[in-house]
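Just so you know, ligand 1 is whichever comes first in the structure, and atom 1 is the first atom listed for that ligand. Keep in mind the model is a prediction, meaning the values are calculated, not measured.
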Amino acid sequence: MRLDLISIFPDYFSPLQLSLVGKAITAGLVDLNVHDLRQWTHDRHHTTDDTPYGGGAGMVMKPEPWGEAFDAMEEQSALPLTVVVPTPAGRPFDQALAYELAERQRLVFACGRYEGIDQRVIDHCSEKYELIEVSLGDYVLNGGEVAVLAIVEAVVRLLPGVIGNPASLDEESHAPGHRLLEYPNYTKPPVWRDRAVPEILLSGNHAAIANWRRERALERTRERRPDLVDDDIGNGFGA
Ligand SMILES: Nc1cc(-c2ccc3ccn(Cc4ccccn4)c3c2)[nH]n1
């Protein structure tokens, strides 16, 4: 998968060279390209924003640099591209969307700042490419970069060859058809600050352990995310 990240703060994406995503890049599973939007400005101050038509607070990102940036995206690779635009007004990002994006050959992330990107850029790109506006959640960030870090991590970990044991993806919270939250996890030592690991986990009885974990997951989901538990089914499994 090719990733193109366009931003006026390209250094935001340095952390993607670390850990799992960094390993995926090194392994050639991901081709990561970070671009500074200012390379497509032509004035002395590399201006990317201007005042909003109709008045109002804040500034809006000018369309011209973005237009030239997307022209360059097309020139750099013939891969069909999907444009992902983080915005508070977008489709809520969830595991289902992460799986959808993981199917694409190339994702181009357009990171806005200020009050957002001139709407004509979204309209223009929507006519030429698949474009998805995505919200990370019901809160407001100062720009799209933090959202892109989260989306890239969630998507890349789903790519074949990235996670050592792909079967573990099937048991995670929010995996397709698996809507229970994670059960609690424990490791050595068996007692820590007078807190012992639940005896069942040391029993070696795998059926009993699986049942205990399912009960803890259901209990936790009912407490924290009742919206994920189908009362008629009761177990949060199944479509
Ligand atoms: N889930 C999300 C996504 C964002 C987000 C994404 C991109 C941009 C580009 C600019 N801003 C600031 C801003 C503030 C106020 C209204 C509009 N935009 C962004 C915020 N915030 N929360």
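- Neither side chain, His46 nor Gln39, offers a donor N or O lying under 3.5 Å from an acceptor on the other.
- In this model, a donor atom of one side chain and an acceptor atom of the other lie less than 3.5 Å apart for Tyr129 and Glu74.
- Counted by atom type alone, Gln76 and Arg2 present one or more donor-acceptor pairs between their side chains at under 3.5 Å.
- For atom 15 (C) of ligand 1, the closest non-hydrogen atom of the protein is Val140 CG1, 3.6 Å.
- Regarding atom 5 (C) of ligand 1, its nearest protein heavy-atom neighbour is Pro88 CD, 3.6 Å.
- Nearest-residue assignment for atom 7 (C) of ligand 1 (options Ser135, Gly116, Ala89, Pro86; heavy-atom criterion): Pro86.
- Close contacts of ligand 1 with Asn142, meaning ligand atoms under 4.0 Å from a residue heavy atom, involve 10 (C), 11 (N), 12 (C).
- Contact atoms of ligand 1 toward Arg113: 9 (C), 10 (C) (distance under 4.0 Å to a heavy atom of the residue).
- In terms of protein heavy-atom proximity, atom 20 (C) of ligand 1 is nearest to Leu141 O, 3.4 Å.
- Closest to atom 18 (N) of ligand 1, if we only count protein heavy atoms, is Glu115 O, 3.8 Å.
- A donor-acceptor contact closer than 3.5 angstrom is absent between the side chains of Glu133 and Thr87.
- With 3.5 Å as the limit, one finds no donor-acceptor pair spanning the side chains of Asp94 and His174.
- Per-residue contacts place Tyr139 under 4.0 angstrom from the following atoms of ligand 1 (heavy atoms of the residue considered): 1 (N), 2 (C), 21 (N), 22 (N).
- Regarding atom 1 (N) of ligand 1, its nearest protein heavy-atom neighbour is Leu136 N, 3.0 Å.
- Residue Thr87 touches ligand 1 through its backbone alone, judged by heavy-atom distances below 4.0 Å.
- For ligand 1, the atoms closer than 4.0 angstrom to any heavy atom of Gly137 are 1 (N).
- At a threshold of 4.5 Å between non-hydrogen side-chain atoms, the residues Val148 and Tyr12 do not count as touching.
- Listed by number with element, the atoms of ligand 1 under 4.0 Å from a non-hydrogen atom of Tyr114 are 10 (C), 11 (N), 12 (C), 13 (C).
- Put simply, Val34 and Leu3 are part of the same group of oily side chains (I, L, V, M, F, W, Y) that touch within less than 4.5 Å, one to the next.
- Hydrophobic clustering (side-chain heavy atoms under 4.5 Å, transitive across Ile, Leu, Val, Met, Phe, Trp, Tyr) groups Val84 together with Leu159.
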